[in-house]
Amino acid sequence: MGQIHTGVDLDASLGYLLKQAASTLRSSMDAALRPLGLTVPQYACLELLAQRPGLSNSELARGAFVTRQSMNVLLHGLERDGLVSRPVEPPTGGRAMPAQLTKLGRERLTVASSAAQAVEEQMHARLDADQQEALRALLTATITALNESPARQPTGIAEGSAAAP
């Protein structure tokens with residue numbers, strides 16, 4: 001006798017499909033960046049530093065979707081590899097020690113950006129320009145909706161419970 005399950009229908013779940021897309025994108029990006037000696041978070045950090053110079057470690061961490069502690073380790077590695085530089089002492093009047101791309105970092109980023117762009121082009125190769133714009137708008141709307149209101153707690157789960165999803 002089969003088990004009756006009333007949970008999420010994975011075949012119809014937008015969240016599950018989105019997670020699959022994100023996971024597939026991450027795997028493709030990893031494969032594209034690996035020959036360049038970069039991980040996706042390292043690439044994201046270099047891209048953020050190029051586009052938004054002067055970001056703090058916390059801002060870089062948020063932008064690269066990693067913890068502050070992970071960003072600190074990541075920056076140390078990029079610095080060791082000669083891709084970023086950071087001042088030995090904080091600037092006058094502040095605690096932040098903003099990282100900057102080195103010449104080698106800018107060169108590596110140029111190649112990495114091309115690799116990342118190729119993955120992005122592959123990702124939307126079957127979508128025309130209108131579909132791409134619609135997808136951007138839909139994803140933006142879902143992000144906004146999730147940021148506006150907290151998820152409802154399932155019934156039957158006590159507040160503060162350690163139950164796993």
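Residue numbers run from 1 in the order of the sequence given.
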[Y] and [X] side chains, donor-acceptor separation under 3.5 Å:
X: His76; Y: Arg86; result: yes
X: Thr67; Y: Ser70; result: yes
X: Thr39; Y: Gln42; result: yes
X: Tyr43; Y: Glu47; result: yes

Does atom [atom1] of [X] have more than 12 heavy-atom neighbours, drawn from other residues, nucleotides or ligands, at distances under 6.0 Å?
X: Gln122; atom1: CD; answer: no
X: Gln117; atom1: CD; answer: yes
X: Leu10; atom1: CG; answer: yes

Is any side-chain heavy atom of [X] closer than 4.5 Å to a side-chain heavy atom of [Y]?
X: Leu38; Y: Leu83; value: yes
X: Ser28; Y: Met123; value: no
X: Gln100; Y: Val84; value: no

Which value, rounded to the nearest 0.5 Å, describes the distance between [X] atom [atom1] and [Y] atom [atom2]?
X: Leu60; Y: Leu48; atom1: CG; atom2: CG; answer: 6.0 Å
X: Ser85; Y: Lys103; atom1: OG; atom2: NZ; answer: 14.0 Å
X: Leu74; Y: Glu79; atom1: CG; atom2: CD; answer: 11.5 Å
X: Gln51; Y: Leu101; atom1: CD; atom2: CG; answer: 10.5 Å
X: Tyr16; Y: Asp9; atom1: OH; atom2: CG; answer: 11.5 Å
X: Leu49; Y: Cys45; atom1: CG; atom2: SG; answer: 4.5 Å

Given the rule in the side-chain hydrogen bond (donor to acceptor under 3.5 Å, both in side chains) test, do Ser113 and Thr110 qualify, once you have shown the distances and angles that lead to the verdict? CA-CA 5 Å; Ser113 293; Thr110 298; over 6 Å; no
[X] (side chain) donor-acceptor with [Y] (main chain) under 3.5 angstrom:
X: Thr102; Y: Gly82; value: yes
X: Thr144; Y: Thr140; value: yes
X: Arg68; Y: Asn57; value: no
X: Glu148; Y: Ala145; value: no
X: Glu133; Y: Asp130; value: no

Taking all non-hydrogen atoms of both residues, which atom of [X] and which atom of [Y] are closest, and how far apart?
X: Ser13; Y: Val8; value: CB-CG1, 3.6 Å
X: Glu59; Y: Leu55; value: OE1-CA, 3.3 Å
X: Met71; Y: Val66; value: CE-CG2, 3.8 Å
X: Pro98; Y: Pro87; value: O-CD, 3.3 Å
X: Ala115; Y: Ala32; value: CB-O, 4.0 Å
X: Met29; Y: Ala116; value: CE-CB, 3.5 Å

Are [Y] and [X] linked, directly or through intermediate hydrophobic residues, by side-chain heavy-atom contacts shorter than 4.5 Å (ILVMFWY only)?
X: Val111; Y: Val40; result: yes
X: Leu78; Y: Val73; result: no
X: Leu127; Y: Leu18; result: yes
X: Leu109; Y: Leu104; result: yes

